[in-house]
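The structure appears right after this line, and notes come after that.
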Amino acid sequence: EAGVTQFPSHSVIEKGQTVTLRCDPISGHDNLYWYRRVMGKEIKFLLHFVKESKQDESGMPNNRFLAERTGGTYSTLKVQPAELEDSGVYFCASSPGSAGVRNTQYFGPGTRLTVL
Amino acid sequence: ILNVEQSPQSLHVQEGDSTNFTCSFPSSNFYALHWYRWETAKSPEALFVMTLNGDEKKKGRISATLNTKEGYSYLYIKGSQPEDSATYLCAFSPGNQFYFGTGTSLTVIP
């Protein structure tokens, strides 16, 4: 079974540019999560999809971030325009079923975003 | 803001040594505690999901315990091997989302 995949693995952009990150969850997983880790700090929750609906987006930093999950399969996270403080590793995770936070979340390898 | 603390921040041990580290979390509104093993540039790998006070889980040489009343979980590695070198992350959940600690970075010296 294929794991969670993320693309690209690394992105370097200039301040003010736009970047779109993609996550493909494990097939059949209804729950999809985005997280971010700023260097030296903890991994922080950004948002949670159940199928195509946003269940919780309380962790999204501001309106420069837009996440979508059209059709309930893969998800994209767009940052527009990017700022220096957006640099970090963006993780995606997915989980099956309805047991919520008692379910294991399976993580992708992350996208390392560097904003210059 | 929920505070999840892991200690120590980093640890160097000799091959063959046993080691343990701590994850501290709020003792109220406990729902689940997850442990992950993470090597940089790879996917964090799920180790354990712990939900009941007094839980003890084991996977090979790695085991974990849970005390929800006092708000801590221990992760133990018996007979550390160089391939155990990684960052060990805990994630606490009060029911809505995961709150991660900053991790314990373990280096096992051959």
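- Note that CH2 of B:W38 and CD1 of A:I43 are 6.0 Å apart. Values are rounded to the nearest 0.5 Å.
- Remark: B:Q9 CD is loosely packed, at most 12 non-hydrogen atoms of other residues, nucleotides or ligands lying under 6.0 Å away.
- The shortest non-hydrogen separation linking B:P44 to A:G108 is CD-O, 3.5 Å.
- Aromatic rings from A:F107 and B:Y36 are positioned such that their centres are separated by under 6.0 Å.
- Side-chain contact check for B:F98 versus A:Y33: every heavy-atom pair is 4.5 Å or farther apart.
- Both B:F48 and B:F25 belong to a single network of hydrophobic side chains, linked directly or stepwise wherever heavy atoms of I, L, V, M, F, W or Y lie under 4.5 Å apart.
- With rounding to the nearest 0.5 Å, the separation of CD in B:Q97 from CD in A:Q55 is 11.5 Å.
- In summary, the aromatic rings of A:Y35 and B:F100 are positioned with their centroids under 6.0 Å apart.
- There is no contact between A:S9 and chain B, counting heavy-atom distances below 4.5 Å.
- For B:L89, the part lying under 4.5 angstrom from a heavy atom of chain A is the side chain only.
- A:Q105 touches chain B through backbone and side chain together, each having a heavy atom under 4.5 Å away.
- Between atom OG1 of residue B:T40 and atom CZ of residue A:R112 there is a gap of 7.5 Å, rounded to the nearest 0.5 Å.
- Between B:S43 atom OG and A:Y106 atom OH the span is 12.5 Å, to the nearest 0.5 Å.
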